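Just so it is clear, the structure is predicted and the values come from calculations on it, not from any experiment. Values reported hereafter were calculated over all heavy atoms of this structure, with side chains retained and with hydrogens, waters and symmetry mates removed.
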Amino acid sequence: MAAAEGARGTRWQFTSMELVAGLVLTGTMTLAVLFSPILFPDGGESMDLTARLIPPFQSSAHLLGTDPLGRDVLARVVVGGKISLMVGVLSVIGAVILGTLVGLIAGYYRGIAEILLMRFADIQLALPFILIAIMFLAILGTGIDKVIFFMIVAQWVQYARLVRGSVLALRDREFILSARAIGVGNVRIIAQHILPNVLGPIVILMTLNVANNILLESSLTFFGLGVDPLIPSWGGMLADGRTYLQSAWWVSVFPGLAIMFTVLGLNLLGDWLRDSLDPTGQTGQ
Amino acid sequence: MAGFILKRLLQAIFVVLVVTLIVAFAIRLSGDPAIMLTGAGSITEQDLQNIRNALGLNRPFLVQYLGFLHGIVVGDFGRSFMGGTPVSALIAKALPATLLLAFTSLIASILLSVPLGILAAVNRGRWPDQLVRILSLVGLSFPNFWLAIMLVLFFSIQLGVLPPSGMEGPASFVMPALTMAIILTATNVRLVRTAMLETLSQQYIMVARSKGLKDWVVLYKHALRNSAIPLVTYIGLQFGGLIGSIVIVERVFNWPGMGTLAFDAISGRDYPVLQGTITVLALFIVLINLLVDIAYGLIDPRIRTE
């Protein structure tokens, strides 16, 4: 691709400050979510109708205020992060496994598998995926499992193409040929010699896709097409908060900031990984 | 060249067939339209059969699909479950609103991202470059519907200067177009910067400089023009993503376009309307991609042999 050529020369150079910022943002969010059962044992569910719509920074018990049912906004933001991170991570893991397998087979064994994959990938990349996902979710009903499923279906091709490209570049290199010459089996060549060499670009793509999928999940949930509205999630909180935008801005502001900080952290990490793992620019801009 | 166009055209037709097949299949999964049309209740099995026959639902899937394709060609997408308005009439009303928003925001984004991208490229590695980079990263990091809500909070609720929804008068354009423009600019500014840096390193730029031309003449007359080809291509190829975002932003601002039509159809389980809107939007995306591809092939002969 033309975009990849000379990417190194035009790329933004990474500074260590951005790595620190990325780590701090992503790390804080992940830790808060992991420890949320200890920090907020009620799961952000306990209502207090005597403490409804408290503005932020006014009550030490409710640092970020409360929503119209008297639930603590901070607790719900932290607990809600669980859904976002889970969807982001699980969908990417699914897409990586599927895409890597297909890409390895297509690139290493070539033949009909490769032809089919490339044709399929061309078509899929031309499809308006958000529209199709919206339609299917509207018809089949929503749920976290379906959201993850559609993300896997939408993204596995990216990994398959990436892995196939790397395998093609590697398969006739001398260290692979010599491994084969001394009788190493195909599976072992793939696992020991090829996979480690494609790991870098895969990790970069994964980081950026987790960020992407967190955004996508929050959008779908916001429109009632994603996660069950009864489960605390960032998209769901924003949908609730919109009704009270006039009287309680904080219900809409903080879940959005949580999304922004998490995704920004992941994007910064993805940029840093690309700078350090992919100097030739296989993963594009 | 003719071979190249023909190849791209066949590819586009194939993509259209796949998209329409998926849409037709999805609608098929939705259950029995005859029951949805009448609502559960005092309807007899005979009535249901009559409706199914009238709608052609008893025909095999392939026949129905061919009928659907034929409908697309002649512009007939059936009738809405709500009130029986032809779907094509609803789309004819909604599509201009969406395209208007799409082009306004695209132009606004170009007006923002070209100077910013040039600023970053010229000051490469210095603070303006870093600032543009951080702004672009932040712009890529929030959901577009949230940006829309924040704008409503600020301009409509705090300041009270812009209408929070609808399409009435020029003021109602500002927030939907601004939301889309900010999102597009976050991506476009990177493309402008990269394209400019690549152009600026070419020899003819050095020649232009050494001739003693002024900096801005070199930048805007020589460099920007030569960066335009890759830029137009990338911006054209973004069209799919642009439509995906616009559908969402429209919904937040209650903008009477295709997105609002589609989401209303979803909440009303109005499947013919949903099917029609998704199909038309998908066709549009395929068409724009095709045009961009062909235009690029015409301008740059190297592409044709790829």
Interface check, chain A: of L147(B), V15(B), I248(B), V18(B), most non-hydrogen pairs under 4.5 Å belong to I248(B)
Most heavy-atom pairs under 4.5 Å with chain A, out of L281(B), V252(B), I285(B), L274(B), belong to V252(B)
Next item on the list: Tell me, yes or no, whether the heavy-atom count around Q246(A) atom CD, taken from other residues, nucleotides or ligands under 6.0 Å, exceeds 12.
Entry: no
Honestly, the part of L140(A) sitting under 4.5 Å from a heavy atom of chain B is side chain
Taking every heavy atom of P143(B) against every heavy atom of L215(A), the minimum-distance pair comes out as N-CD2, 3.4 Å
Given L137(B), N289(B), V19(B), the one with more heavy-atom pairs under 4.5 angstrom with chain A than any other is L137(B)
Closest non-hydrogen atoms of I134(A) and V247(B), given as atom of the first, atom of the second and distance, are CD1-CG1, 4.5 Å
Applying a strict 4.5 Å limit to non-hydrogen atoms, the region of L257(A) in contact with chain B is both
Between the CG atom in N267(A) and the OG atom in S136(B), the distance rounded to the nearest 0.5 Å is 9.0 Å
In terms of heavy-atom pairs under 4.5 Å with chain B, the winner among F136(A), F223(A), W234(A) is F223(A)
Given G256(A), S252(A), A138(A), the one with more heavy-atom pairs under 4.5 angstrom with chain B than any other is G256(A)
Closest heavy-atom pair, V253(A) versus W146(B), reported as atoms and distance to 0.1 Å, is O-CZ2, 3.4 Å
Of T262(A), L266(A), L264(A), the largest count of non-hydrogen pairs under 4.5 angstrom with chain B goes to L264(A)
Heaviest contributor of heavy-atom pairs below 4.5 Å to chain A, chosen from I243(B), V286(B), D129(B), is D129(B)
Closest non-hydrogen contact found for V23(B) with M135(A) is CA-CE, 3.7 Å
For I139(A) and A26(B) the tightest heavy-atom approach is CD1-O, 3.4 Å
Here the pair of heavy atoms bringing R251(B) nearest to R242(A) is O-NH2, 4.3 Å
In this structure, CZ of F263(B) is separated from CG of L225(A) (nearest 0.5 Å) by 6.0 Å
Under 4.5 Å to a heavy atom of chain A? For I149(B) that would be both
